[in-house]
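What follows is a single structure, written as structure tokens, with notes after it.
Numbered from 1 within each chain, the chains take letters A, B, ... in sequence-line order.
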Protein chains: 2
Amino acid sequence: MKRVTIADIARAAGVSKGAVSYALNGRPGVSEETRRRILAVAEQFGWHPSSAARALSDGRTGVLGMIVDRPARTLGIESFFMQLISGIEATLSARDVSLLMQVTEDREREMATYRRWWAQRRVDGVIIVDLRRDDPRVPLLEELNMPCVVIGGPHGLGTLPGVWSDEVAVTTSVVEYLAALGHRRIARVAGLADLWHTSVRGQAVADSADRVGLTDVTTVYTDYTGEEGARATRALLSRRPSPTAIVYDNDTMAVAGLGVAHEMGIAVPHQLSIVAWDDSPLCQLLHPQLSAVSRDIAAYGAHAADQLLKILDGAEIRGFQDTTPQLVPRGSTAPPAG
Amino acid sequence: MKRVTIADIARAAGVSKGAVSYALNGRPGVSEETRRRILAVAEQFGWHPSSAARALSDGRTGVLGMIVDRPARTLGIESFFMQLISGIEATLSARDVSLLMQVTEDREREMATYRRWWAQRRVDGVIIVDLRRDDPRVPLLEELNMPCVVIGGPHGLGTLPGVWSDEVAVTTSVVEYLAALGHRRIARVAGLADLWHTSVRGQAVADSADRVGLTDVTTVYTDYTGEEGARATRALLSRRPSPTAIVYDNDTMAVAGLGVAHEMGIAVPHQLSIVAWDDSPLCQLLHPQLSAVSRDIAAYGAHAADQLLKILDGAEIRGFQDTTPQLVPRGSTAPPAG
DNA sequence: GAGCTCATATGAAGCGGGTAACCATCGCCG
DNA sequence: CGGCGATGGTTACCCGCTTCATATGAGCTC
């Protein structure tokens with residue numbers, strides 16, 4: 001029960017290995033007649049090319065890599081990643097490319113893995129997530145000259161291609177919406193402070209607040225966990241005066257925040273409005289349902305994978321701007337009470 | 001800027017390729033002196049073995065595969081999978097083995113992928129999740145003779161090795177706990193009906209209910225989503241008489257159930273007790289905090305990866321029973337009112 | 001000092017497939 | 001009928017690494 005190789009097929013079809021290779025790869029050098037015969041034998045034998053042999057001879061592995069480097073306990077972001085991955089897969093599987101994943105809690109290790117993957121040619125390229133300010137991965141990948149696409153941008157990419165959406169636009173729309181409802185004191189429970197999108201959103205909040213004349217804007221940074229979201233909420237709601245609206249950087253924290261409001265006897269949305277960033281079915285399960293910033297994360301992943309494949313095919317890609325996320329108002333936002 | 005190969009090292013160190021190979025792999029055939037010199041050169045050149053060449057010559061790829069085949073929208077299980085993956089990684093990274101992932105919504109495609117992966121020798125083995133009744137993957141993998149470990153069991157494994165925990169024991173303890181609190185009408189909002197563990201838990205609920213004299217036990221099957229969890233809860237609580245305790249097969253549904261109870265003005269735990277299966281930080285964020293069945297999912301994944309690596313090393317593994325999950329009582333369970 | 005053993009090193013084959021270079025045929029043209 | 005260009009097919013080598021068979025030589029023994 002050995003593997004079947006092109007040599008077996010060649011023998012069975014009465015031709016040389018070379019002819020088999022040409023036939024199977026659809027290139028000239030064999031007659032239609034012979035090609036059909038060879039394909040039939042290959043099919044009958046259930047032949048599939050050895051990925052190792054192919055990789056060795058043409059230098060391509062048919063594998064892309066992705067490393068998720070966040071503490072395992074920060075469960076709030078899983079939904080994001082699973083959706084991202086399924087979007088990536090959708091693109092890759094059509095091209096018979098696979099995704100190599102690593103989940104780690106160690107940024108040094110992440111960098112080392114890129115080095116190793118590339119040195120070993122274990123992957124053809126990588127998808128980078130969670131872009132940070134002064135991200136050391138950017139110079140590393142530039143130095144390695146390893147094909148990649150960054151999910152994030154357009155800032156902080158160096159010379160690397162990115163896939164991003166217009167965070168400023170949505171953020172602005174959220175602030176304007178809250179201001180229009182009559183809110184004057186708003187707070188933002190942000191995620192990890194050194195992620196690029198965290199600071200982009202922060203800047204956009206500040207700018208748009210300025211523009212609509214809001215002066216009381218507070219930001220608290222967290223690690224995205226529900227625990228920290230709850231703690232931040234408790235602190236914010238204990239202030240005097242307390243904010244009348246809170247925007248959370250993910251849905252887990254928004255859920256936790258809603259729980260804290262209940263616990264403190266603060267009515268949502270009457271006394272407190274809540275906006276979640278990244279919509280999920282969870283947001284619609286609660287009472288009230290959470291107003292949320294919604295975007296098609298799977299499509300985001302699909303686009304990133306797409307760009308990377310194009311780069312591997314030799315295209316010069318500078319970056320790709322995805323569709324702008326939208327605020328979906330639901331029951332958790334309303335004008336503030338008196 | 002070519003890749004550096006052992007030939008380069010051989011030239012630089014003034015020895016043959018063979019000697020370099022022996023030296024780098026720590027096998028006899030070279031003197032300590034020469035070995036050190038070769039290692040120094042390799043280090044200096046930043047050499048890493050080409051995974052393709054290695055795979056081709058020794059038949060091992062250093063990659064394991066895992067396919068997650070659930071609709072992307074069933075977000076309730078993400079937490080489980082991310083934890084599982086991070087456990088798997090913990091074991092694999094120590095051995096410099098990588099994990100190839102596929103997320104699909106198509107069972108046919110999953111089967112086809114196992115076939116392809118194995119035919120292409122893209123992976124050395126696979127980890128199977130979501131074992132079903134009469135699971136067609138079991139005969140397939142037996143036929144392919146592809147190394148694998150099933151997460152699940154001990155039933156329905158055929159001749160495949162599995163990693164499982166004692167679901168009957170925990171399930172029984174949950175039922176007995178609820179009965180001891182005084183509950184007489186309990187319900188279970190189960191997950192996908194054709195998963196093995198769903199039916200194992202179902203049988204265990206039935207058996208233990210019998211034993212403690214509970215006659216009113218209802219089971220509703222769902223797809224694990226919060227939506228269906230909410231719908232099932234609404235239906236159950238609309239019955240007369242309605243159950244005084246509900247056990248949910250995952251935490252997302254439990255959260256949704258709690259939301260429905262709030263919505264219907266039913267006090268938890270006073271009028272309704274809730275137990276979630278699989279604990280998560282989310283369970284502790286709510287009010288009341290959810291009593292939950294807790295297990296170390298990452299360890300579970302780590303053990304599975306461990307078993308598979310042992311099999312690849314030639315060990316005869318029959319199966320591995322992990323530690324038994326534990327019920328963690330919190331604020332959502334109490335004696336039923338009046 | 002012939003004959004052995006043991007340690008060390010080399011050369012070459014092979015893993016499976018891709019591909020450049022070469023070789024037959026055949027038909028066709030002048 | 002000799003010579004030409006297609007066409008279809010073969011040979012041989014390459015990719016980078018492992019490993020087996022073989023060679024070389026130092027150190028022993030008798």
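Here B:Ser16 lies in heavy-atom contact (under 4.0 Å) with a base. The residue A:Ser21 sits close to a base: some heavy atom pair falls under 4.0 Å. Across all strands shown, B:Val20 has no heavy atoms under 4.0 Å from either base or sugar-phosphate atoms.
Residue order along DNA chain C, read from the 5' end via each residue's closest nucleotide, puts B:Ala19 first among B:Ala19 and B:Ser57.
In this structure, NE2 of A:His48 is placed 16 Å from P of C:dG16, rounded to the nearest angstrom. Rounded to whole Å, atom P of C:dG16 lies 9 Å from atom CZ of B:Arg121. Rounded to an integer number of Å, the gap from CD of B:Glu33 to P of C:dA7 is 18 Å. When the C1' atom of D:dC17 is taken as reference, atom CZ of B:Phe45 falls 18 Å away, rounded to whole Å. As rounded to whole Å, 14 Å separates atom C1' of D:dT18 from atom CD1 of B:Ile38. A straight line from CG of A:Leu56 to P of C:dC15 spans 14 Å, rounded to a whole angstrom. Summarising the geometry, the separation between CZ on A:Arg27 and P on C:dA20 is reported as 8 Å, rounded to the nearest angstrom. As rounded to whole Å, 8 Å separates atom C1' of D:dT18 from atom CD1 of B:Ile6.
Side-chain contact between B:Arg115 and B:Glu143 is present, with heavy atoms from C-beta onward closer than 4.5 Å.
Scanning atom types as modelled, no donor and acceptor separated by under 3.5 angstrom connect the side chain of B:Tyr22 and the base of C:dA7.
There is a side-chain donor-acceptor pair under 3.5 Å between B:Asp124 and B:Thr61.
Here the closest heavy-atom approach between residue B:Val126 and residue B:Leu308 is recorded as O-CD2, 3.5 Å.
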